[in-house]
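The structure displayed is predicted, hence computed values, not measured ones.
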Amino acid sequence: MKVILTADVKGQGKKDQLVEVSDGYARNFLFPRKLAIPANNQSINELKGKESAKQHKIDTERDTARKAAARLESISLTFKVGAGADGHLYGSVTAKDIAERLQKEHGITVDKRKISPSDPIKAYGTYELDVRLYTDVTGKIRLTVTEP
C-alpha cells in the first residue's frame, strides 16, 4: 500500500515522503498513530503542491539574496574611530557595528553572525569582508577605518 508520511518514521522515511508499506503495517500502526495518510490522487496532488511551494520559496529567497549581494558590492562603509599613540584603536570595529550601520544608512538587514571579519578590526585601514546572505550566495563589503 502506498502512503504519505506525516511525520518521520524510523526505518520507513521522512515527513512528506511517498512510501510503499504493507497493508497491515499501514492499517494497524501508521494510520491509528496519524503517522501517515493513504496515497490517493488528492493527497498526492497536495504533496506536489507543497513541494512546488517550498521550491518557489527557496528560489525567491535566493533571488533576494543575490540582489542584496549585488547591492552590497557598491557599498563602502567608513568608521571614524579614535586610537592611542601606538595606532591601535580604542576597542574594535565588530560585526554588530557593521550590521547596525548597514541597517541605519542603507536599509539592508543582515544578521551580525553572517558578517565574517577574518580578524578583529583593531587598526586603521581598508578591509573587505564577506557577508553570507544565503547558503550559496556571498556578498562583499568594503570597510574603511579612519581617524576622527
Would you sort out whether Leu77 and His106 count as a side chain to side chain contact (heavy atoms under 4.5 Å, CB included), showing the intermediate values?
-> CA-CA 10 Å; Leu77 295 178; His106 301 285; 3.8 Å; yes

Can you see which heavy atom on [X] is nearest to which on [Y], and at what distance?
X: Lys50; Y: Asp16; result: NZ-OD1, 3.8 Å
X: Phe79; Y: Asp97; result: CZ-O, 3.9 Å
X: Thr109; Y: Gln103; result: OG1-OE1, 2.5 Å
X: Ser52; Y: Gly49; result: OG-O, 2.9 Å
X: Arg71; Y: Ile108; result: NH1-CG1, 3.5 Å
X: Ser76; Y: Thr144; result: OG-OG1, 4.3 Å

Output every pair passing ring-ring contact (aromatic ring centres under 6.0 Å, His included) with a member in residues 122-148, not counting sequence neighbours, ordered by first then second residue.
->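 Qualifying pairs: none.
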
Side chain to side chain contact (heavy atoms under 4.5 Å, CB included) evaluation trace for Val9 with Val21 = CA-CA 12 Å; Val9 179; Val21 295; over 6 Å; no

Checking [X] side chain against [Y] main chain: does a donor-acceptor pair fall under 3.5 Å?
X: Thr6; Y: Lys34; result: yes
X: Glu20; Y: Met1; result: yes
X: Arg113; Y: Ala95; result: no
X: Ser43; Y: Pro38; result: yes
X: Arg62; Y: Lys57; result: no

Heavy atoms of other groups near Asp23 CG, more than 12 under 6.0 Å |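 Count over threshold, so yes.
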
Might you confirm whether atom CD of Gln42 has over 12 heavy atoms from other residues, nucleotides or ligands at distances under 6.0 Å?
->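 No.
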
Co-membership, hydrophobic cluster, residues Val93 and Ile75, 4.5 Å side-chain =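 Same cluster: Val93 reaches Ile75 through Ile, Leu, Val, Met, Phe, Trp or Tyr contacts under 4.5 Å.
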
Co-membership, hydrophobic cluster, residues Leu5 and Ile37, 4.5 Å side-chain =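 No, because Leu5 and Ile37 fall into different hydrophobic clusters, even though each may have its own neighbours under 4.5 Å.
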
Determine, step by step, whether Lys140 and Asp130 satisfy the side chain to side chain contact (heavy atoms under 4.5 Å, CB included) criterion, reporting the C-alpha distance in whole Å, the side-chain angles of both residues, the deciding distance to 0.1 Å, and the verdict.
-> CA-CA 5 Å; Lys140 295 213 180 268; Asp130 289 334; 2.5 Å; yes

Check against side chain to side chain contact (heavy atoms under 4.5 Å, CB included), Leu133 and Leu72 | CA-CA 10 Å; Leu133 298 169; Leu72 281 176; 4.0 Å; yes

Distance, nearest 0.5 Å, that separates [atom1] of [X] from [atom2] of [Y]:
X: Asn28; Y: Arg33; atom1: CG; atom2: CZ; result: 9.5 Å
X: Ile121; Y: Leu129; atom1: CD1; atom2: CG; result: 5.0 Å
X: Ile98; Y: Leu143; atom1: CD1; atom2: CG; result: 5.0 Å
X: Glu61; Y: Asp63; atom1: CD; atom2: CG; result: 10.5 Å
X: Leu47; Y: Ile4; atom1: CG; atom2: CD1; result: 5.0 Å
X: Arg66; Y: Thr138; atom1: CZ; atom2: OG1; result: 11.0 Å

Asp8, Leu30, Val3 screened by side chain to side chain contact (heavy atoms under 4.5 Å, CB included) with Leu35, the one that passes |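 Single side chain to side chain contact (heavy atoms under 4.5 Å, CB included) partner of Leu35 among Asp8, Leu30, Val3: Leu30.
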
